[in-house]
Amino acid sequence: MISIIIPVYNSEKYITKCIDSILAQTYKNFEIILVNDGSVDGSLKILNDYKHKYNNIKIYEQKNQGANSARKNGLDHSKGNYVTFIDSDDEIETDYLEKFVEALDKNTEVVICGFKRIKNDSIVSCTIPSDCLWSELKYTAICSKFYKKEILEKAIFYNYKIGEDLLITIPCLSNTKNIKFINSAGYLYRIVETSTTNSQPSGSLYNIETIFEKLLLKTNLKKYPEDMFMYFMIKTAVFLILLQSKNNSSSELNKLFKSNCSYISRYYKIKFHFEPSEKKSINILTNIFIFVHKTKLSFLFIALIKMLKLYKYY
C-alpha cells in the first residue's frame with residue numbers, strides 16, 4: 001500500500017482539487033493522510049467532509065508547527081510500505097501512482113519523476129530529470145518522489161520557512177544507490193504567490209549555514225564527487241538569495257551573499273570546474289555568483305537580481 005501524506009495549512013482554495021486528483025488515480029491501493037497544521041480558514045471542514053465519504057482518508061490535527069512537522073506526524077501514522085508527499089495546493093495526474101508502482105522492484109528505495117509547473121490552471125513548464133547523479137542534487141523537492149518507508153528514517157524533519165525539503169531528500173538520496181528515474185511528469189506544482197517560498201517577509205533571512213549544519217549530519221558525502229557537491233552548495237546559496245530578494249534590502253542581501261561565501265569556503269575553495277549538462281538559468285547565476293565572489297563585486301550580483309526581479313522564476 002502507498003501512503004500519501006499531505007500537510008494542510010489554510011488551503012481551502014486548492015485542497016479540493018488536490019484530493020480529487022488523488023481519488024481519480026488509476027492505481028487504487030493507497031491511503032490519504034491529511035495533517036491539518038493549525039489552519040484557521042475552512043480547510044478542516046473540507047477535510048472532514050472527505051473523511052466522511054471515503055474510508056481511505058485519515059485526518060490528524062496539530063497546532064501550527066510547519067510543513068515538515070506535519071509530514072513527520074503523517075509518516076508516524078502511515079501504514080504503507082511506500083510513501084509519497086503532496087503539497088495541499090498541488091495536484092497529480094491520474095496515472096501518477098501507477099507509473100511509480102510500475103517502476104518498482106524489490107530493491108528500489110526511491111523513485112523520482114518530473115513535474116509540471118501550473119499557473120491559473122495552465123501549464124507553464126515541464127521538467128523531467130535525467131537519470132544521473134547530478135539530478136539527485138539538482139531536483140531536491142520532497143514531492144514528485146516515491147520513498148520506501150524505511151529510507152525516510154534518514155530524513156531530517158526540521159521546520160524552516162525555506163530550504164526544508166533539502167533536509168528530507170538529500171539525506172535519503174545520499175544514503176541509497178537504489179534510485180530509479182521515470183520518464184514522466186505527473187506531478188503538477190502550482191505557482192501560488194502567497195505560498196511560503198513566494199512570500200518571505202522582510203527580515204527573515206536564512207543563510208546556507210542554517211540549513212547545511214543540519215543537513216550534513218546525515219548526508220553521505222562520499223556518494224558525490226567533491227566538485228559536484230560544492231556546486232550544489234553554491235546553487236543552494238543562489239536559491240536562498242533569490243527566494244529572499246523580493247522583500248529584503250540590497251544591503252541585507254549583500255550580507256547574506258558574503259555569509260554564504262564564507263560558509264562554503266570552510267569546505268571548498270570556491271572555483272568552478274564542474275559543469276552539469278543541463279544549462280538552465282540557475283547554472284548561469286551560479287557562474288555569476290562564483291565570478292562576483294572572486295572579484296568581490298557582490299553588490300552587482302544583488303543589483304542584477306533586484307533589477308531583473310529574478311525571484312519570479314522560483
Side-chain angles (χ1 to χ4, degrees), residues 2-6 14 17-18 20-22 24-27 30 67 71 82-105 108-148 151-152 155 163-166 168-170 172-174 176-192 195 197-198 224 228 231-232 235-236 238-239 242-243 276-286 312-314:
I2 301 168
S3 295
I4 302 169
I5 299 173
I6 308 172
Y14 298 112
K17 288 185 176 182
C18 177
D20 285 347
S21 74
I22 300 170
Q25 290 298 293
T26 53
Y27 182 86
F30 61 84
R71 289 172 181 136
Y82 287 87
V83 175
T84 191
F85 299 93
I86 299 175
D87 286 345
S88 59
D89 47 7
D90 296 340
E91 301 173 41
I92 55 175
E93 295 181 344
T94 54
D95 58 353
Y96 181 73
L97 296 181
E98 184 177 351
K99 287 188 175 180
F100 274 137
V101 172
E102 288 174 351
L104 293 176
D105 59 38
T108 306
E109 291 186 296
V110 181
V111 182
I112 300 174
C113 79
F115 56 91
K116 298 180 180 79
R117 292 178 181 267
I118 59 174
K119 190 170 185 178
N120 300 324
D121 292 323
S122 297
I123 297 171
V124 296
S125 67
C126 178
T127 301
I128 297 179
S130 303
D131 185 355
C132 64
L133 193 60
W134 170 241
S135 288
E136 295 180 23
L137 297 175
K138 183 174 182 180
Y139 301 103
T140 55
I142 187 174
C143 302
S144 70
K145 295 178 177 65
F146 199 65
Y147 307 85
K148 194 171 186 178
I151 197 65
L152 287 166
E164 62 187 6
D165 284 16
L166 299 179
I168 295 175
T169 56
I170 299 303
C172 290
L173 297 178
S174 70
T176 180
K177 294 181 180 179
N178 300 316
I179 299 172
K180 284 190 175 181
F181 291 85
I182 57 176
N183 187 28
S184 172
Y187 191 92
L188 307 179
Y189 168 77
R190 189 182 305 279
I191 301 171
V192 182
S195 69
T197 53
N198 286 310
Y224 306 108
M228 183 182 291
Y231 187 89
F232 165 65
K235 183 178 78 74
T236 303
V238 173
F239 172 77
L242 280 174
L243 281 182
S277 58
E278 302 169 51
K279 295 191 174 182
K280 303 291 185 182
S281 58
I282 185 67
N283 296 340
I284 296 170
L285 279 175
T286 304
K312 289 182 176 181
Y313 302 99
Y314 277 82

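Positions are given from 1 along the sequence.
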Could you tell me whether the side chain of [Y] reaches within less than 4.5 Å of the side chain of [X], counting heavy atoms only?
| X | Y | result |
| --- | --- | --- |
| Val124 | Ile118 | no |
| Leu188 | Glu93 | yes |
| Ile92 | Ile22 | yes |
| Cys18 | Asp90 | no |
| Leu173 | Leu137 | no |
| Asp131 | Ile179 | no |
| Tyr139 | Thr127 | yes |
| Thr140 | Thr236 | no |

Quick one: list whatever passes side-chain hydrogen bond (donor to acceptor under 3.5 Å, both in side chains) with [X], sequence neighbours left out.
| X | result |
| --- | --- |
| Thr26 | Glu98 |
| Ser3 | Glu31 |
| Asp95 | Lys99 |
| Asp165 | none |

### Query
Under 6.0 Å between the ring centres of Phe115 and Tyr187?
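Phe115 vs Tyr187: aromatic centres not under 6.0 Å.
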
Original post:
Below 6.0 angstrom between ring centroids: does that apply to Trp134 and Phe232?
Top reply: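 For Trp134 and Phe232, the ring centres are not under 6.0 Å apart.
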
Apply side-chain contact (heavy atoms from CB on, under 4.5 Å) to [X] and list each qualifying residue two or more places apart in sequence or on a separate chain.
| X | answer |
| --- | --- |
| Lys148 | Tyr82, Glu109, Glu150 |
| Asp121 | Lys17, Glu91, Arg190 |
| Leu133 | Glu136, Lys223, Tyr224, Pro225, Met228 |

Verdict with supporting geometry, Val111 and Phe181, side-chain contact (heavy atoms from CB on, under 4.5 Å): CA-CA 6 Å; Val111 182; Phe181 291 85; over 6 Å; no

Could you tell me the separation between the [atom1] atom of [X] and the [atom2] atom of [Y], rounded to the nearest 0.5 Å?
| X | Y | atom1 | atom2 | answer |
| --- | --- | --- | --- | --- |
| Asp89 | Ile191 | CG | CD1 | 11.0 Å |
| Ile6 | Ser88 | CD1 | OG | 8.0 Å |
| Leu97 | Glu102 | CG | CD | 11.0 Å |
| Ile168 | Leu152 | CD1 | CG | 7.5 Å |

How would you list, by chain and number, every residue that makes a ring-ring contact (aromatic ring centres under 6.0 Å, His included) with Phe30, sequence neighbours excluded?
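Scan of Phe30 (ring-ring contact (aromatic ring centres under 6.0 Å, His included), adjacent residues dropped) gives none.
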
Item checked: Partners passing ring-ring contact (aromatic ring centres under 6.0 Å, His included) against Phe85 (at least two apart in sequence or in another chain) ->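 For Phe85, the residues satisfying ring-ring contact (aromatic ring centres under 6.0 Å, His included) (neighbours in sequence not counted) are Tyr147.
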
Does [Y] offer a backbone N or O that forms a donor-acceptor pair with the side chain of [X] under 3.5 Å?
| X | Y | result |
| --- | --- | --- |
| Thr169 | Ala141 | no |
| Ser135 | Ser130 | yes |
| Lys116 | Gly186 | no |

[X] versus [Y], closest heavy-atom pair with distance:
| X | Y | result |
| --- | --- | --- |
| Tyr96 | Ser144 | OH-CA, 3.2 Å |
| Thr84 | Lys145 | OG1-O, 2.7 Å |
| Ala185 | Ile128 | CB-CG1, 4.0 Å |

*Are Phe100 and Cys113 close enough, and set up right, to give a side-chain contact (heavy atoms from CB on, under 4.5 Å), and what steps lead you there?*
CA-CA 8 Å; Phe100 274 137; Cys113 79; 3.8 Å; yes

Just checking Asp105: does its CG atom have more than 12 heavy atoms from other residues, nucleotides or ligands closer to it than 6.0 angstrom?
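Yes.
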
